[in-house]
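Start at 1 and go down the list; that is how both ligands and their atoms are numbered. Numbering of residues begins at 1 and proceeds along the displayed sequence.
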Amino acid sequence: MHCRKLKAVGTRHSFNDIADAAEDIISLERFDRVVELNRDLRAVTVETGVRYGQLCWYLHEKGYALHNLASLPHISVVGACATATHGSGDNNGNLATIVSAMEMVTANGEVIVLSRERDGERFHGAVVGLGGLGVVTKLTLDILPAFDMRQNVYENLPLSHLENNFDAILSSAYSVSLFTDWQSDRINQVWLKRRVSGSAPFAPEPDFFGAQLATCQVHPIAGHHAEYCTEQMNVSGPWHERLPHFRMDFTPSSGEELQSEYLVPRPHAFAAIKAVAQLREQVAPLLQICELRTIAADNLWMSPCYKQACVGIHFTWKRNWEAVRNLLPLIEEELAPFKARPHWGKLFTMSPARLQSLYEKLPDFQGLLRFYDPQGKFRNAFLDTYIFAT
Ligand SMILES: Cc1cc2nc3c(=O)[nH]c(=O)nc-3n(C[C@H](O)[C@H](O)[C@H](O)COP(=O)(O)OP(=O)(O)OC[C@H]3O[C@@H](n4cnc5c(N)ncnc54)[C@H](O)[C@@H]3O)c2cc1C
């Protein structure tokens, strides 16, 4: 079959139109095999219909782990890597940073393999590819020996304590997430995900920078069922049952939410958080929850963390796009001095010119897209607007 335009989709969990197509769509959902586990190289190769949940079970059973996961395990590995999806942790790069090779079918039908070892900068340009280079058919990922983790939640961290101890708080565990509804001068919850080392018992401190240890399992959003969340309360368990916030056997996509996220260079983190706090009267009524996470710097051209460690300021909104669309420009204006970059898979209103000015490797990325896809077969309105419009 000949297609003029073609868009590959993953699990279609992106909130903006990055995965939309005006013409043909291809889903690799059924290509979901693990192709090879290479114990010597500590690498796993998967077909790109694989979702994290499925891959995690496979790896754990074989004694291996991934370095990090997003808040839920239901998304596809390929879709997550294409948009630089991330979890949290000062030393954890986004999920695309562990890709060591990718196989894809380019616009002329050629099957090519790009590898970190062999293709250097071209590879760094291709991994966070925004779906524009071709149909990615296989990915090889770095893996780690399996590990156990325990999760503890603290409640009511005063904002002033966060300001004075920002680095200490965000570096206090393997993965740290802060949740706030901006209803007051406090962070509602601090989620600490720690790796278990040794067999010595671990008793969490009752107080964490003025926040108190939760005494029962909690959900980030007040009033929501905590049984959907991964196990907390210091109970140790496998990495893939602690790194995401939500359990694999819970289907989260009720469709009752919208999401936006801005990645701010780490040195500006608290100033940016304060700028958002100043908009609390406008933000809080539309918000389900705001999450703050840290992500390590990387070398991937279109990653918001290219050469800079970042803090992600994430908003889960109520489903009221008209009101959210009116609010996002205010948030973007407040965050502009900090060079905040929007998440590629979430909602934003920034102009294409502004977005493009934030990516120093954009001209090289445009060149890479033109090289692999000279006729624009894989380009959609999103790529035309945000990558190519001048
Ligand atoms: C409930 C929820 C929670 C989330 N939590 C997080 C989080 O914790 N952290 C975070 O950073 N993000 C998070 N996200 C955002 C999400 O991770 C991204 O939107 C991600 O891209 C979704 O992956 P997907 O498989 O659904 O991809 P899709 O939305 O289907 O596609 C995304 C991009 O990948 C491309 N693509 C897909 N398959 C291929 C292929 N085979 N070849 C080439 N390109 C391809 C598409 O063309 C598109 O450009 C969350 C989203 C939801 C709905």
Would you check the N or O atoms of [X], main chain and side chain alike, for any that come under 3.5 Å of an N or O of ligand 1?
X      : result
Leu130 : yes
Ala82  : no
Glu257 : no
Ala70  : no
Gly79  : yes
Gly10  : yes
Arg12  : yes

Pick from [options]: the one approaching [atom] most closely through a non-hydrogen atom:
atom                    : options               : answer
atom 25 (O) of ligand 1 : Gly134, Ser76, Ala84  : Ser76
atom 42 (N) of ligand 1 : Leu263, Val136, Ile75 : Val136
atom 3 (C) of ligand 1  : Leu383, Leu72, Leu28  : Leu72

Ligand 1 contact on [X] by region, counting heavy-atom pairs under 4.0 Å:
X     : result
Thr11 : both
His74 : neither
Thr85 : both

Proximal ligand 1 atoms for [X], defined as those under 4.0 Å from one of its heavy atoms:
X      : value
Thr83  : 18 (C), 20 (C), 21 (O), 32 (C), 33 (C)
Arg293 : 7 (C), 8 (O), 9 (N)
Ser71  : 3 (C), 4 (C), 5 (N), 6 (C), 7 (C), 8 (O)
Phe15  : 51 (C), 52 (C), 53 (C)
His86  : 7 (C), 8 (O), 9 (N), 10 (C), 11 (O)
Val135 : 42 (N)
Ala19  : 31 (O), 48 (C)
Lys346 : 10 (C), 12 (N), 13 (C), 14 (N), 15 (C)

Using 30° and 60° as the class limits, which term best fits the ring planes of His219 and His224: parallel, tilted or perpendicular?
tilted
For His343 and His86, take the angle between the two ring planes, folded into 0 to 90°, and tell me which bin it lands in: parallel under 30, tilted 30 to 60, perpendicular over 60.
tilted
Any side-chain donor paired with an acceptor under 3.5 Å for [X] and [Y]?
X      : Y      : answer
His74  : Gln54  : no
Thr230 : Gln151 : yes
Trp239 : His60  : yes
Glu121 : Trp301 : yes

Would you mind reporting whether [Y] and [X] have side-chain heavy atoms less than 4.5 Å apart?
X      : Y      : result
Leu66  : Tyr52  : yes
Leu192 : Phe208 : yes
Phe315 : Glu291 : no
Leu159 : Arg186 : no

Is it true that Gln259 lies under 4.0 Å from ligand 1, counting heavy atoms only?
yes
For Lys7, run the side-chain contact (heavy atoms from CB on, under 4.5 Å) check against Asp20, Val135, Leu383 and tell me which one passes.
Leu383
Among Val105, Val78, Val99, which residue satisfies the side-chain contact (heavy atoms from CB on, under 4.5 Å) criterion with Val136?
Val78
Phe365: what forms a ring-ring contact (aromatic ring centres under 6.0 Å, His included) with it, not counting sequence neighbours?
none
